Structures are given as structure tokens and as C-alpha cells.
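Please read these numbers as outputs of a predicted model, since none were measured by experiment. Naming convention: chains lettered A, B, ... in sequence-line order (proteins, then strands); numbering from 1 in each chain.
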2 protein chains.
Amino acid sequence: MASIKEVAKHAGVSVATVSRVLNDKGYVSEEARKRVQKAIANLDYRPNAVARSLFKKTSKTIGLLVPDIVNPFFPELARAVEDTLSRHGYTVILCNTDESKEKEQAYLEMMMQKYIDGLIVATNTLTAAQVTKYNIPVVSIDRKISKELPGIMVENKKGASMAVRFLKKKGRKRIAHLRGPSYIPNAVERCAGYLEVVGEEPWFKESYIAEGNYDMTMSIESTIRLLNMHPDIDAIFAGNDVSAIGAIKAIHKLGKHVPRDIAVVGFDGIMLSEATTPELTTIAQPIYELGEIASATLIKIIEQQADDQTLYTLPVQLIERQST
Amino acid sequence: MASIKEVAKHAGVSVATVSRVLNDKGYVSEEARKRVQKAIANLDYRPNAVARSLFKKTSKTIGLLVPDIVNPFFPELARAVEDTLSRHGYTVILCNTDESKEKEQAYLEMMMQKYIDGLIVATNTLTAAQVTKYNIPVVSIDRKISKELPGIMVENKKGASMAVRFLKKKGRKRIAHLRGPSYIPNAVERCAGYLEVVGEEPWFKESYIAEGNYDMTMSIESTIRLLNMHPDIDAIFAGNDVSAIGAIKAIHKLGKHVPRDIAVVGFDGIMLSEATTPELTTIAQPIYELGEIASATLIKIIEQQADDQTLYTLPVQLIERQST
DNA sequence: CTGAAAGCGCTAACAA
DNA sequence: TTGTTAGCGCTTTCAG
């Protein structure tokens, strides 16, 4: 691969002049510019991004931290992030942390050594202290890391209560909740939204809430236990779609029908929710938009050194399908 | 962030000595080594990967080319690739090409400028000429780019005929096929496997094959058309799981039952196939293993400059579930 | 065993 | 308007 030196030689100018036309910065005579451009074309020259990085201490690269790309919420998010960022000339490094602090730490270290420009964080383990320590632009998704850092959230609590209220309006009397892990803020909020609607009802007991862990297998087991303990349950609000699908499987396994015997509502609006039979009623997040806004915010912070501290809160939407 | 110079100063040695202990290369006295290590620890020093890249012309980074990470086959693959590579100190850049040659070209250019070390290609557009032009280690997945380049394949044809033979054994008489796009080699192979089993049967006509395009919406439409044209169809072999799910939806829409009226078999074994009702019978690929072997092969080529030209062919497995 | 110095390819003062 | 030059932080000869 040709270097800037060769381009300079071919064009009969200095490397500084080549650099000037490359970056369209400083004075260059029309004639010199022409000659440089011709040399660039002839040599099929491309500036070396690594050399540039070394000098500028930036890399046009950002890191995307997700718990696990296999979890169906994240591919859609990753797609949005990658689309937006690559459109602006950035490259995306994928990191699966499994919510492990050690893995996350290792990724951060590697990326800092590569002069990464920023981070989009969809995990729940990264702390404000780490961000401060590495002093790197960060935008979080679905969670507020600290009030100094921007975050893109959705109306988790409101969405959850929407779901439960909708079930009530459909005539359901005993609504259970399959919650997500308590270390995940959105699970806590969704549970709060559920409690807001039914927490004061006479029939309500804590045991109408079971741990689904945002995981299909665990949700199946929990649902079976739940239904055995409370045969009066006629609706389940699951903390996410994967959990909801687990609930449906469990209900079928017990020989009952969805939605006739038990209605199910999920949360997230992942594509999976359309692929099942019955199709899942769910509180849909604008997943792609989450990724887009996060990316745009990060780019703004990086390129304009504007330190945004906004907490964006995006609306969710009830999508009624066959499971209710 | 501290640099090698500061470490050298703190340790009272030259940068060359620090570099020697960093890379464990060349002679260093025990005493000097100790002092350098202490300085490194005190300063919390980490070598600058960019500077190293500039000199070595490698970056401990590889590119992963997929058509679309949202397509449920690819997250599992990406996960395997990322797991394996990060365990070996490599970083993974995610590229969604949408099978567009222009996008792919743009990604390649960006990555070459960053001294990327290799490529894992799960798309169908990259040509041998491009690989030669950029002269970069490449491993392909699910497709042979050229006989000079290593590829990790699965038994597409064999898997397809397994599926169709299984349907016959189950007593199905009229088996249709929902094929994938003809520019995708695996779709061609799977179709060939189907034809191998039923192509010579007296009832067979070309019109028992419809274009599903590996896409749910298109598969729904094609299935409806197929079933209207041939009401005698009692089984469908879909080219992939997404297509199969579309077929199931279409069958339901026509008021028929799976598997009673029509049995369905998919291909891929993505997690989605377990999440549906009825759960999908499918020909499962060892997706994670595909990614693992591809990554290991690439690492071998990069680190040992061994130019592997092997075509690995992995077995597939029939998983019988509720749709048959 | 160790250090000085050149150089990877680029950018940005600074001087002309 | 242009060129010279000093780095960015690292690795690797080459002398000693």
C-alpha cells in the first residue's frame, strides 16, 4: 500500500501539502491540489488510519457492550448502532460481557489501548467510576449510569402498567407477573409498574410474582409453579418477550389454552414475538430508535465535545395480538 | 496514560529494555526486569496498541462480515466468533453488508486502512478477486469462496435429503419445498437435496417448489399460493427455519393444522425453532461450532502464516419436534 | 546485557 | 502558498 510519502513524490510536493489536501485544511494552490489528487488516484492511495490514530489519539471506532448478542433484543439494537455509526465513518467493536465485571474490564482495557472513541453500553454492570477512570464518552441504553452521563431509556414502568391495565380491561381478574432479575433496573421498574396497578387489589399477594429471570427455561418452570400454586390465575404479564414465550409454553404444557384460559402479555417487541403461535401481545420498545439515538448522541459528544447529560425517555407501545 | 518512555525513566533503563520485557524478547538482566515490572505496576502502564500496530502492521482485530445480524442465524455465529477470538486477544468488528457489494467494499476499505488481520465471511458476495487484491487472510462460513481459501461448510444437500426422506417415512405423500434465493449457494444445495429424493417421483412437478427467499413474509405468501395450487400437499420442507415458521403461519391462516394436515421441517436449528408452537422439526447446523472452527482456522493462518485451504464439512442433525 | 537511533505513516507547528 | 521538521508510542537493528 502506498504511503503519503510516495504520493508526495509522485505529485512533486511535500507530504505536508498532501496532508493538506487529504484533510482539506490550510492553503493549497489549485494546481498543487490537482496534482496531488491525480497522484492519489494513480497510486490508489488510502490514508493509513493507524498512523492517523497514533497522532490524533482517536480511532473512529466505538465499542458496543451488550450482555449477549444471542439474546434477541440485542441484534436489533446492534444493527441500529452499526447502521448509524458506519454511516458516519465509525467502526463498531462487538463485546459480549455476559454481565461479568471481569469480562467487561478486559474489553475496556483492550479498547482503551486501541484509542477507542466512545462506548455504547447496553449492559448493567458498568459503573460511573469506570467511565470516569477511563475518561471516555459513554451513552447508556435502557439504564442511567449516573446523572452526569446521557442515557436512552424507555417508559418501563408506564409500559408495564399499561400492559396490566389492558389485561384488566379485557376482564382478567388474577394477573400474575413473571419478573426479571433484580439487578437489572428495567426489571425493577416493570415490576413496579405491575404493582402500581394490582398491588392494592384485595386478592393480591407477593406470591403472584415469580422470577422468570428473562430466560425461557426459568420462565417455564416458574410459570408451572405459579399456576399450580394459584389455579385462579387468568393472565400473566411477563417482564420480557422471551419470558412470555416461556409462559406460553408452560401453559400449553399444562394443557391450557392461550388466550382462552390464560392471557399473556410480553415486553420488548422483539421480532420473535411475531413468530410464535399464538402471536404475542406485547409492549413494544422502539428498539431500532434506541440504538439510533444512542449512536447519534455519542457522535455528537465525540465530535463536538458537547457533554450531553440528557436522559432521553422513549415511549412504548401496546401491540395487541393473539395471546390476549 | 503512561507511555513506554515514562516507564523507562522510572525504571532507570532505556525504552528498548522496557520493550524487551514487555515482549519477553532478547536479553534482559533479572534486576532490570524487576525494576521495569515494578515501574509498570506503579504507573499502571498498558502498551499502546495503536503505536504497536503502526510498526507491526497488524492490529489484533478481525472483521466479521454478515448479511444482517438481525437474521437469527447470525447472532449465534457472531457469538461463537467473538468468544473464540476474544479469548485469543482479538477484537471483532461487526459489519452488516445486506449482501450489497458496495457496502461490503466500503467496509473492506475501512478495515484495510486499520490494518485488520483477517476476515470471517458469512456473506455470499465477497469474491476471490477481492481477497487477492487486499491480500488478507480469509475464512468463509457456509460457502467456498475459492479452492485456495479455507471454508467451513455443513452438509446442506445431505441434510435436505434427510429431511425429505424423514417426511416420507412419516407417511407424507406430497412434499413441497420452500426454497431460498438462488444466489445463495446453500439454498441451491438444499434444493438439490430435496430434488434428489422426490425429483423422480411420478407426482413431482416443478411447481411443488416455491420461492421462500429465506424470509418470513415471502414464505407466508408463497405457502398460501402453493397450497391453493396443490391442495394435496401434506408436507413442506422449508429451506431454513425462518421460512418454515412462515409456512406454519400460512398453514394456520388457511385453517389447517400442523402437523395433522401438513407437516413442516425447517433447516438451521436456530433458537427460534424451539420458541414456536408447535416447536419446529429441523435440520440443525452446529452453528456455534461453525464459528469456533472458522475462528480457530483464521487464528492459525494469521499466527503461523500457515495457509490452510481445507474445506471443513460439518455434519447436520435432524431434530424431531412437534411440527412433524 | 543495554542503549541510541531509525522508522512505521501521519499531522501540525513553524519558518520561509 | 509551501516545505521542513518534530513528534505520536512502539519495535528493532546495530554498536557497544
*Asks:* Return all side-chain donor-acceptor pairs below 3.5 angstrom for residues 3-11 of chain B, not counting sequence neighbours, or 'none' if the list is empty.
*Replies:*
| unit_1 | atom_1 | unit_2 | atom_2 | d |
| --- | --- | --- | --- | --- |
| B:Ser3 | OG | B:Lys5 | N | 3.2 |
| B:Glu6 | OE2 | B:Ser3 | N | 3.2 |

*Asks:* What residues form a side chain to side chain contact (heavy atoms under 4.5 Å, CB included) with A:Ser295, not counting sequence neighbours?
*Replies:*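 Checked A:Ser295 against side chain to side chain contact (heavy atoms under 4.5 Å, CB included); matches are A:Val81, A:Thr84, A:Leu85, A:Ile120.
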
*Asks:* When you measure from every atom of DNA chain C, which of residues 30-52 of chain B have a heavy atom less than 4.0 Å away?
*Replies:*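 Residues of residues 30-52 of chain B that come under 4.0 Å of DNA chain C are, in numerical order, B:Ala32.
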
*Asks:* Quick one: label A:Val28 by what it contacts on the DNA or RNA (base, sugar-phosphate, nothing), any heavy atom closer than 4.0 Å.
*Replies:*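 Sugar-phosphate, backbone atoms only, no base.
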
*Asks:* Suppose we screen for side chain to side chain contact (heavy atoms under 4.5 Å, CB included). Which residues come up paired with B:Leu314, at least two apart in sequence or across chains?
*Replies:*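 For B:Leu314, the residues satisfying side chain to side chain contact (heavy atoms under 4.5 Å, CB included) (neighbours in sequence not counted) are B:Ile152, B:Val154, B:Pro286, B:Glu289, B:Leu290, B:Ile293, B:Tyr312.
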
*Asks:* Under the rule for salt bridge (charged side-chain N to carboxylate O under 4.0 Å, His left out), what residues qualify as partners of A:Asp268, not counting sequence neighbours?
*Replies:*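 By the salt bridge (charged side-chain N to carboxylate O under 4.0 Å, His left out) rule, A:Asp268 matches A:Arg190.
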
*Asks:* Verify whether one side chain among A:Glu102 and A:Tyr107 offers a donor that lies under 3.5 Å from an acceptor in the other.
*Replies:*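 No - no donor-acceptor pair under 3.5 Å links their side chains.
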
*Asks:* Just to verify, what does B:Asn124 make a side chain to side chain contact (heavy atoms under 4.5 Å, CB included) with, not counting sequence neighbours?
*Replies:*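 Once residues adjacent in sequence are excluded, the partners of B:Asn124 under the side chain to side chain contact (heavy atoms under 4.5 Å, CB included) criterion are B:Glu99, B:Arg143, B:Ile184, B:Pro185.
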
*Asks:* I want to verify a distance call: between D:dG9, D:dG3, D:dC8, whose nearest atom is closest to the B:Lys5 side chain?
*Replies:*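 Taking heavy atoms from C-beta onward, the closest nucleotide is D:dC8.
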
*Asks:* With 3.5 Å as the limit, what N/O pairs link the protein to nucleotides 12-14 of chain D?
*Replies:*
| unit_1 | atom_1 | unit_2 | atom_2 | d |
| --- | --- | --- | --- | --- |
| D:dT12 | OP2 | B:Lys25 | NZ | 3.4 |

*Asks:* Write down the distance between CE (B:Met1) and C1' (D:dC8), rounded to a whole number of angstrom.
*Replies:*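 Roughly 12 Å, once rounded to whole Å.
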
*Asks:* Are A:Asp142 and A:Asn186 close enough that a side-chain donor and a side-chain acceptor fall under 3.5 Å?
*Replies:*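 There is such a pair between these side chains.
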
*Asks:* Looking only at heavy atoms, what is the nearest atom pair of B:Pro75 and A:Val70, with distance?
*Replies:*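 The answer is O-CG2, 3.8 Å.
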
*Asks:* Could I get the full list of side-chain hydrogen bond (donor to acceptor under 3.5 Å, both in side chains) partners for A:Asn23, not counting sequence neighbours?
*Replies:*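 Testing A:Asn23 for side-chain hydrogen bond (donor to acceptor under 3.5 Å, both in side chains), a comparison that skips the adjacent residues, returns A:Ser19.
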
*Asks:* Run the salt bridge (charged side-chain N to carboxylate O under 4.0 Å, His left out) test against A:Lys144 and tell me which residues pass, sequence neighbours left out.
*Replies:*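 Expected list: none.
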
*Asks:* Calculate the interatomic distance between B:Lys9 atom NZ and D:dC10 atom P; express it in whole Å.
*Replies:*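 Rounded to whole Å, this separation is 14 Å.
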
*Asks:* Check the side chains of B:Asn48 and A:Tyr115 for a donor-acceptor pair under 3.5 angstrom, ignoring hydrogens and angles.
*Replies:*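 There is such a pair between these side chains.
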
*Asks:* Go through DNA chain C in 5' to 3' direction and return only the first and the last nucleotide with some atom under 4.0 Å of chain B's heavy atoms.
*Replies:*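 Result: C:dC1 to C:dG9.
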
*Asks:* Using five pairs at either end of the helix from C:dC1-D:dG16 to C:dA16-D:dT1, determine the angle between the two local helix axes and round it to 10 degrees.
*Replies:*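 Nearest ten degrees gives 50° for this helix.
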
*Asks:* Assess whether a salt bridge exists between A:Lys34 and A:Glu31, defined as any Lys/Arg side-chain N lying under 4.0 Å from an Asp/Glu carboxylate O.
*Replies:*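 Salt bridge between A:Lys34 and A:Glu31, a charged N being under 4.0 Å from a carboxylate O: no.
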
*Asks:* Could you list the residues that satisfy salt bridge (charged side-chain N to carboxylate O under 4.0 Å, His left out) with B:Lys101, not counting sequence neighbours?
*Replies:*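 With neighbours one apart ignored, the set is B:Glu104.
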
